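Predicted model only: the values in this text are computed from it and were never measured. We number each residue from 1, following the sequence as shown.
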Amino acid sequence: MKRFTFGNLFLALFCIVLLTACSIQDNPVSNPVNPAAKDYVERMVPVVDPQGVSQGMVMLRFYDDMPNVAYVSVGNFQSIMYPGTTVQVVKTAPSQYALTSPCGTAMVDTAKDIFESDDYEAFTNMMWMVQPGMPNTICDALPIIRWKSLDETPQTVHVALDYGKYGIDLRADETDIYFPFATIADLYVDAYMHMAAFNGQVVMVAPNGAYSLFDGGYPEFFITPILKETRTADMVDYAYKNLCFTLTNFFGYPGRTLLEKKGLKEKGMDQALQDYGKAGQMTRELLMSDNMYEFITGTTTLGYLLNDGGHTQTDVTSISTMTGNPTFVSTLDGIRNPKVEEFMGYCPEVEPVKENWNYRLNLRKELNQKRTEAFGDGVKYYKEGATVYCWFNSFICDDSGWRKYYKGEGPKPTSKDYPNDWLIALVEALEQAENDPEVKNFVLDISTNGGGSSDVVLFISSIFCNKSDLFYENVLTGQRMKCTYEVDRNLDGKFDEKDSDVKYHLNFALLTSTYSFSCGNLLPAMLKDYGIPLIGKQTGGGSCAVLFNPSADGFGYRYSTHRTRLINLQGENIDAGIVPTYELDTNDFFNVQKVTQLVESYYAK
């Protein structure tokens, strides 16, 4: 396949600018929605992956009343997201349409601009590309894990998404339904990072999800064409409405953000910003600016209001590669910096949020230094007496070696070939400890671990507790989920009865700190419920999976998703962090004798 280049593939962009922008109300709503006849032009645009490799073409529609906002039919969008599939559309009544995707059904009313479904997650499910038959659940597709089953309570929930309330116009002809591109992209994006974005010239899709997109953020070739000084009136109007809809309806509501405390869920984002005072009103004005620098500044200040410890980052510069236009970046900094300083003056409550973040960073530095002083620089396995410390600093592993191994294309990965793979380091540490007759206690140190893949969490919980379930809730539907996975416990490349033979005769314990976040919070929640002692400090929280969404302009941002808010066995949101079984002063984190006493006293009960 060819690598995409911009040189000669594009028609000239439309330069019609709407002379008047629709006013934005509380929800916000434009007037009027669904005007009678609309003229449009259609344009075939290239589809590429994040490496710029061609994935074909797609037809986009541009209506005369919104000439800079791309629309796409549901069938065409389904086809680029899940190649080889489409959505069947049947008109059932005036302005009413029945939609059938490969996995689910939905209804659209284009007069009221409402999408509704009894199986919304199934309708947008693309996880069959990861594993046939898999529902729309959380999975990073590491080959050591395989989805097994999903229990939902209740099994079905009717979801009605009222786009008309936000002035987002769903349109139709006799054969298909048309959504604004970013609107339907937000509807589909999943926890595996299947997503699509449009930058005005080209559509970028991530057919392999997380494994094809986010090594360095949205790529430079995709972002550079967006870096213009001004935004068109129709894009300003639509982009703000779409952002309000998405962050009101699809946010995971972990519970700690400043905007949640101002009624984000109850009022909607637009009203919550207005009610926040000068900081919220300033952010709202910036997000609705036709000046690109001010708009980006607004995404920065919004990020402070939605800061949830590290998952949500609405600042579009955070995952959008802008190095291709240093002049733009320099100008942006000159405009953004004083405005952010002004925002801080209106929002003193941001200071404790910043202080908490700085505390966590300083804690990581302190613990790394103390670990080095106690065990040596970069030591992942340390034995003293009957106790082993295994330093486990990330739930992200180098999956390339594992994928080759499971495909039969390479040997089983080892630390010699993959020295930076933390999963390999753990597996080798477990084997070394199990084969050492002196070792009784195995302390997994995640005190400086900021998160990663839930697949690795499941591997560890299976080894430590013989449990491989994730418990979470969907904030939009109100459903609670128990998702069960199979684990290749012996890592022989097969899922079979031999996996149950893997047993370690060790007293397991977990060393945690306030820096332990995301998966570094999930694993402690799971292990504590299963009877494994936690030692150290209360973890730093982080309960939601993360979605990487496109803005309407084409930039990337991320946020905690409604699809997966993790809970413990009691059904409680775990964002507040997990209280340790034994609290320790940081000076004693690497005091092996003291930790050994705690572990052995726990297992002696």
Side-chain angles (χ1 to χ4, degrees), residues 2-18 41-62 66-72 77 80 180-183 185-186 195-206 212-240 242-243 287 289-299 315-333 335-336 548-557:
K2 295 182 179 179
R3 180 173 177 80
F4 174 81
T5 58
F6 284 105
N8 54 12
L9 286 179
F10 300 110
L11 298 174
L13 295 177
F14 293 97
C15 56
I16 303 171
V17 178
L18 294 183
V41 296
E42 292 185 323
R43 191 170 93 220
M44 291 290 290
V45 303
V47 180
V48 300
D49 69 13
Q51 287 70 47
V53 177
S54 174
Q55 304 293 307
M57 305 285 285
V58 66
M59 181 72 76
L60 300 183
R61 181 174 285 190
F62 299 84
M66 299 173 69
N68 299 284
V69 176
Y71 274 70
V72 63
F77 189 83
I80 65 172
F181 191 94
T183 298
D186 290 345
M195 54 73 62
F198 179 57
N199 68 356
Q201 297 182 352
V202 62
V203 169
M204 179 178 67
V205 296
S212 63
L213 185 56
F214 296 112
D215 286 343
Y218 278 33
E220 182 178 309
F221 80 82
F222 185 79
I223 292 299
T224 298
I226 311 173
L227 303 182
K228 302 175 182 178
E229 293 189 352
T230 59
R231 308 165 72 217
T232 62
D234 56 337
M235 178 58 74
V236 169
D237 181 56
Y238 163 68
Y240 182 72
N242 194 66
L243 187 65
L287 290 172
S289 175
D290 61 3
N291 180 290
M292 184 66 80
Y293 304 115
E294 291 184 350
F295 163 70
I296 293 176
T297 301
T299 69
D315 184 343
V316 297
T317 64
S318 64
I319 61 169
S320 302
T321 307
M322 297 187 173
T323 55
N325 192 334
T327 301
F328 183 93
V329 174
S330 176
T331 304
L332 171 63
D333 289 342
I335 293 173
R336 177 166 56 177
F548 286 73
N549 270 42
S551 72
D553 300 75
F555 294 108
Y557 68 100

inquiry  = Does Val203 form a side chain to side chain contact (heavy atoms under 4.5 Å, CB included) with Leu60? I'd like the steps, not just the answer.
reply    = CA-CA 10 Å; Val203 169; Leu60 300 183; 4.3 Å; yes
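The two residues Asn199 and Val202 make their nearest non-hydrogen contact at OD1-N, 2.8 Å. Across all non-hydrogen atoms, the minimal contact from Pro46 to Gln201 is CD-O, 3.7 Å. A pairwise comparison of heavy atoms in Thr299 and Leu287 identifies N-CD2, 3.6 Å as the closest pair. Nearest heavy atoms, Met322 versus Val316: CE-O, 4.4 Å. Closest of all the heavy-atom pairs between Pro50 and Val205 is CD-O, 3.1 Å. Contact record, Ala196 with Pro550: O-CG, 3.1 Å, taken as the closest heavy-atom pair.
In this view, Asp333 and Arg336 satisfy the salt bridge (Lys or Arg N to Asp or Glu O under 4.0 Å) rule, not counting sequence neighbours. Every residue two or more places apart in sequence or in another chain that forms a ring pair (Phe, Tyr, Trp, His ring centres under 6.0 Å) with Phe77 is listed here: Phe181, Tyr188. For Glu42, the side chain to side chain donor-acceptor pair (under 3.5 Å) test picks out Arg61, with sequence neighbours left out. Every residue meeting the side chain to side chain contact (heavy atoms under 4.5 Å, CB included) condition with Ala239, not counting sequence neighbours, appears here in chain and number order: Arg231, Met235, Ala552, Asp553. Evaluation of the side chain to side chain contact (heavy atoms under 4.5 Å, CB included) rule for Ser318 yields Gln313, Arg558 as partners, not counting sequence neighbours. Residues forming a side chain to side chain donor-acceptor pair (under 3.5 Å) with Asn325 (at least two apart in sequence, or on another chain): none. When the side chain to side chain contact (heavy atoms under 4.5 Å, CB included) test is applied to Ser330, no partner is found at least two apart in sequence or on another chain. For Asn291, the side chain to side chain contact (heavy atoms under 4.5 Å, CB included) partners at least two apart in sequence or on another chain are Ser289, Tyr293, Glu294. Scanning for side chain to side chain donor-acceptor pair (under 3.5 Å) contacts around Thr183 gives Tyr238, Asn242, with sequence neighbours left out. Checked against side chain to side chain donor-acceptor pair (under 3.5 Å), Thr224 has no partners two or more places apart in sequence or in another chain.
Within the structure, the salt bridge (charged side-chain N to carboxylate O under 4.0 Å, His left out) test picks out no pair touching residues 196-206 (sequence neighbours left out).
Under a 3.5 Å cut-off, the side chain of Ser551 and the backbone N or O of Gly556 do not form any donor-acceptor pair.
Met204 CE to Gln55 CD: the interatomic distance, rounded to the nearest 0.5 Å, is 11.5 Å. Separation of atoms CZ (Arg43) and CZ (Phe62) is listed at 4.0 Å; rounding is to 0.5 Å. Rounding to the nearest 0.5 Å places CD1 of Ile319 at 9.5 Å from OH of Tyr557. Note that CG of Asn549 and CG of Leu243 are 9.5 Å apart. Values are rounded to the nearest 0.5 Å. In this structure, CD on Glu229 lies 8.0 Å from CZ on Phe328, to the nearest 0.5 angstrom. Taken to the nearest 0.5 Å, the CZ atom of Phe295 stands 11.5 Å off from the CG atom of Leu332.
In this structure the side chain of Val72 never reaches within 4.5 angstrom of the side chain of Phe198, judged on heavy atoms.
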